[in-house]
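See structure below.
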4 protein chains.
Amino acid sequence: MTAAPTEPISRRRAPRGSARRNIVAAATELFARRGYEATSVQEIVAAAAVTKGALYHWFGSKSELLTSIYRELLAEQTARLREIADGPGPVAERLRAAAADVVAHTAAHVDELTVWARSAHLIDGEHADATRRERRRYHDLFRDLVLEGQSAGVVRTDVSATVITHTFLSALGNTHTWFHPDGPLTFTEVGHQLVALFVGGLRPPEPSASPTPADDRSEPRA
Amino acid sequence: MTAAPTEPISRRRAPRGSARRNIVAAATELFARRGYEATSVQEIVAAAAVTKGALYHWFGSKSELLTSIYRELLAEQTARLREIADGPGPVAERLRAAAADVVAHTAAHVDELTVWARSAHLIDGEHADATRRERRRYHDLFRDLVLEGQSAGVVRTDVSATVITHTFLSALGNTHTWFHPDGPLTFTEVGHQLVALFVGGLRPPEPSASPTPADDRSEPRA
Amino acid sequence: MTAAPTEPISRRRAPRGSARRNIVAAATELFARRGYEATSVQEIVAAAAVTKGALYHWFGSKSELLTSIYRELLAEQTARLREIADGPGPVAERLRAAAADVVAHTAAHVDELTVWARSAHLIDGEHADATRRERRRYHDLFRDLVLEGQSAGVVRTDVSATVITHTFLSALGNTHTWFHPDGPLTFTEVGHQLVALFVGGLRPPEPSASPTPADDRSEPRA
Amino acid sequence: MTAAPTEPISRRRAPRGSARRNIVAAATELFARRGYEATSVQEIVAAAAVTKGALYHWFGSKSELLTSIYRELLAEQTARLREIADGPGPVAERLRAAAADVVAHTAAHVDELTVWARSAHLIDGEHADATRRERRRYHDLFRDLVLEGQSAGVVRTDVSATVITHTFLSALGNTHTWFHPDGPLTFTEVGHQLVALFVGGLRPPEPSASPTPADDRSEPRA
DNA sequence: GATGAATGAGAATTCATTCAT
DNA sequence: AATGAATGAATTCTCATTCAT
C-alpha cells in the first residue's frame, strides 16, 4: 500500500512555476530554525519570494503547509522501511538494517522531524488525522518486524514489540534535543551506538522470568 | 426601559482557592491539552478564576509561568535521583532503582514534562537558561551513574554513557505520544518493560569489537 | 515511492451544462442563501462547476453578475405590469389584477428579489444606475395606475399614490423575512390576503377630512 | 418581561472611560452611511479614536457590535409598544397609537434600522438567534393587539392578524428604500399617511365573503 | 494583593481580479 | 471560449503586557 498523495483536493499537473517548491523550501528552513509557531506566513513568503496569495493557492493553511512537509518525509521513510522489511535475509539482519535506515533517515532530516515533533500537537483537522494514520502505519511496519524477530527467537519476548518499537523510535526522534555537531561524537558514531544499543537490547535476557507479553496495540498519538 | 449597562467580554469568577496554586494548576492542564503557544493568558486566568492582574502579580510573564512549573518538578526529580545515586548498594542495583524512579516520576507528571519538551525551545531569557542548566545537571547525575557502571564492568562500554542516558530519558520523555490508558498494558507494566529493556540493553555485548568511546560531552539543547 | 506531485487547493469539476446558465443558477442560489457579500466568486464557480476564467468571460465582475440576475427579472415583471395597466376593463379591476400579478411574480422569484433588496446598496457603476432607473420605471407604472384610480374616484386620495405604491411593494418585497412554507397558510392564501388588504385599504375613508395630497415624487433609493 | 441585557458574558459596572460609547456612536454612523460590510473595523476604531484592542475588549466581534446596536433599539421599541398595548382606552385607539409610535420610532432611527434590515442575514450564532427571538416577541406584541381588535369587531377578520402585522411593519421597515427628505412630503406627513392607510385597511370589507382565517403562527425570520 | 480597561503590533486568511497560455 | 496560477491589498481578530486605581 503506497502512501496517499499529500494534496488536499483537486487535479494533477506539475506546477509550471517554481512557487510551490520555493514555498516548501523556505518554510522548511524557517520552521527548523525558528520553530513553526514563531515563523509567520509573512516571513515564509518573503523568503520564498512569492506572495501570500500564492502560498494560499497551494496550501489551505499554514498548518497544512507543515503537514505537507512532514507527510512527504514520512512517505519516503515508509517506502524504505517496507523495502527492507520485505527484503531477503534473516530477520536479525533485517532488523539491524531497518534500525540503521531509521538512523540514517533521521540524520538526513533532523530539521523537518524536529519541527514536526514539536508542533504536531498544534495541528488538528482532517490533514492531521490522516498524517497520524500514516505515521501509525509506519510504526506498525517496524513493530511487525520486531514481532517476526520474537517469533524467530532472536528478540526477547519479555518486552512487548510495541514497547520496543516506541522506545527505539522515540530515542531516535529525540536526538535533536541533545545531539550537538560540535560534540565529541559525529552523528554517524552516535548512530552506530544507537543501533548497537537497540540490537543489544533485543537479546533475550539471562535466565530469569520472561513472561510473553500480550501483543498489545497501543496507538501512537502523534 | 433601556438595556442594562453593557459590559466587556471577559472572565467569570468562581469560589477561589489560593490564586497562585490555581494559576499553576490551570496553566498546567491547558498547556498540556492545547500546547503552550495555543493557550492564551486570557484562557489561563479564566480557568483559574483569577484576573490577569493576579497572574502578572505572581509571574512576570507567560514564559516565566511555564518555566516555574517545570523547575519545581525538576528540582524534585533531581533530589530523588541524587538520593538514589548517593545511596548504598552495588551500582547495578542503583542503576535499576534510578531507572525505576524516572519511570515512576514521569508517569506522575506526564503533563508538565510534555509541555516542557514541546515548548522549551520557545523560551529564552535568564530563567530559561537557568532551567536548562539545572536540567543539564540532572542529566549529568544520571550519566555519572552509568559511567560508574561502566567502570565497574556491569555496563557495556561500546556505547557512550551519554548516548545511553539520552536514549533512556528520551524514550521515557516520549511515552505521552504513544501510551494509551485504554491499551492492553497498564502504565506500570510498560514501566517494568522499559526498565527491563534499559537494564538488559546495558549488558556488555557478546564477544565482538567494543572500543571504549570517548566520554563525550554532548550538551542537551533543551 | 515518493508522494505524488502536489496540487493547489481548488475546484472540482462536474458534467457541465451551459456555462452561463450554470453560473446564474449557482449564484442566485448562493446569494439568496448566504448573501451577496458573503458569497465568494470561488464558491460560485465551484457550485457552477466552471472555472473563474469562465465566469469572467461571461460577466465583467461579481456585481455585474448580481445586476444581470435582477435585470432579467425586472424586465419580465415590467412587461407584465405594462400589459395589465394598458389592458381593457375598469381601473379598479386592473388595479386588483396588477396587485395579484406582483404577488404571483414575487412568489416565483423570492430569491432573486431578496438578494437585490439586500445588496443593491453595495453596487455602483453604470449597470447599477441603469438598473435603478428601470426599477424606477416599474414603480412609476404601478403608481400611475393608482393615480388613475384616484382620478376615477375608486381610490382614496388622502394618501398619496406614491405612498400607496411603496407600501404595497414593500410589504410584498419583505415576505421573505417572515413567510414560512410550513406555517398554517400557503403562499397562495397569504397572497390573497395581501391583495385583499391592499384593495380594501384603497377605499376612500368614512366621511372625515381628506385633503388631496400633492402628487409627490419621492424617489426610490434602491 | 424586560429585554435581556445586551452584554455577552460577565460583570456589571458602568464603563469608566467613554470608549464603549464612542465605539457605538462611530459604528452606528458608519454602518448607516456606508453599510455594515463596507465598513471596516479599522475605520470604526479610527472614527471612535480608540484602538482595535479596545473594540474587541467590549465586543466579541464586528457582528456582535452590529447586533448590540440593534438590540438596544429593539428593547426600547418593545418597551414602548408594551406600554401602549397595556394602556387604557378602546382597542381601536390603542391600535392607532401603536401604529403612530412605530412610525415615530422608525423615523427617529432610520439609520440603525436600515443597517439591520440589510445586514441581519449576514449574522449568525447565538447573538443573532437571541436577537431574532426578541424581534419575534415584538412582532407578537403587535399582533396580539390586532387580534384584540378582531375580537372587538373593529378589525377585519378576513385577513389574518399575522399578515396584517407583517404588512404594516414591513412597509414601515422599508421606508428607507424610498423616502427622500428632499421630496415633496416630510417624513411626518408620510407617517400620517401610513397610519391612515393602516387604520383604513383594517376596516371590515363591504358585504362579501369573509372567512375568519386561522390564527396562524408564521414566524418572522429576521 | 489585585483589578480590568486599554494598548499596539502583528497574526492568519480571504478575495475579486488579471493574464499568459 | 476557457484555464488556473498568481496578485496584492485589505480584513477580522488575537494576544502578552501595562498601569491608573
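A note on names: the letters A, B, ... follow the listed sequences, proteins ahead of strands, and every chain is numbered from 1. Everything quoted here is computed from the prediction, not taken from an experiment.
H121(B) contributes a side-chain N or O that, together with a main-chain N or O of R118(B), makes up a donor-acceptor pair within less than 3.5 Å. A donor-acceptor pair is defined here as one N or O able to donate and one able to accept, closer than 3.5 Å; no such pair exists between the side chain of Y56(B) and the backbone of T51(B). Panel note: side chain E72(A), backbone I69(A); no donor-acceptor pair is recorded below 3.5 Å. Although no hydrogens or angles enter the test, the distance criterion places a donor-acceptor pair under 3.5 Å between the side chain of R132(B) and the main chain of A120(B). In this structure, the side chain of E29(B) does not engage the main chain of A26(B) through any donor-acceptor pair within 3.5 Å.
Taking the nucleotide of DNA chain E with the nearest heavy atom to each of L55(D) and S40(A), the more 5' of the two is matched to L55(D). Toward the 5' end of DNA chain E, the nearer of the two residues V41(C) and A54(B), judged by each one's closest nucleotide, is A54(B). Place A38(B) and Y36(D) on DNA chain F by their nearest nucleotides, and Y36(D) ends up nearer the 5' end.
At a threshold of 4.0 angstrom between heavy atoms, the contacts of T39(C) are confined to the sugar-phosphate backbone, with no base atom among them.
Using a 30° and 60° split on the angle between ring planes, Y70(C) and W116(C) fall in the parallel class, below 30°.
For the pair K62(D) and F31(D), the cation does not sit on the ring face, since its NZ or CZ is not both under 6.0 Å from the ring centre and inside 45° of the axis.
For Y56(D) and dC13(F), the shortest distance from a side-chain N or O to OP1 or OP2 is below 4.0 Å. Contact annotation: H57(D) does not reach the phosphate of dA6(E) (side-chain N/O to OP1 or OP2, under 4.0 Å). Residue K52(C) places none of its side-chain N or O atoms closer than 4.0 Å to OP1 or OP2 of dG4(F).
The distance between atom CG of L30(B) and atom C1' of dA16(F), rounded to the nearest whole Å, is 16 Å. Atom-to-atom, CH2 of W58(A) to C1' of dT13(E) comes out at 19 Å; the value is rounded to the nearest Å. To the nearest angstrom, P of dA12(E) lies 11 Å from CG of L65(A). Distance CG (L66(C)) to P (dA16(E)): 13 Å, rounded to an integer number of Å. The distance from atom CD of E37(D) to atom P of dA16(E) is 13 Å, rounded to the nearest whole Å. We find that CZ of F59(A) is positioned 18 Å from C1' of dT14(E), with the value rounded to whole Å. When rounded to the nearest whole Å, the span between CG of L122(D) and C1' of dT12(F) equals 14 Å. In this entry the distance linking CD1 of I44(C) with P of dT14(E) reads 17 Å, nearest Å.
For A19(C), counting side-chain heavy atoms from C-beta on, the closest listed nucleotide (dT3(F), dT17(F), dA2(F)) is dA2(F). For K62(A), counting side-chain heavy atoms from C-beta on, the closest listed nucleotide (dA16(F), dG4(E), dA12(E)) is dA12(E). Here the nucleotide nearest the side chain of S61(C), chosen from dT17(E), dC13(F), dA16(F), is dT17(E).
By the 6.0 Å contact criterion, CG on D124(D) is open, its count of non-hydrogen atoms from other residues, nucleotides or ligands being 12 or less.
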- For DNA chain E, the dot-bracket notation using Watson-Crick and G-U wobble pairs below 3.5 Å, [ ] for pseudoknot-type crossings and | for other-strand pairs, is .||||||||||||||||||||

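Nucleotides dT21(F) and dG1(E) place their C1' atoms 13 Å apart, quoted to the nearest Å.
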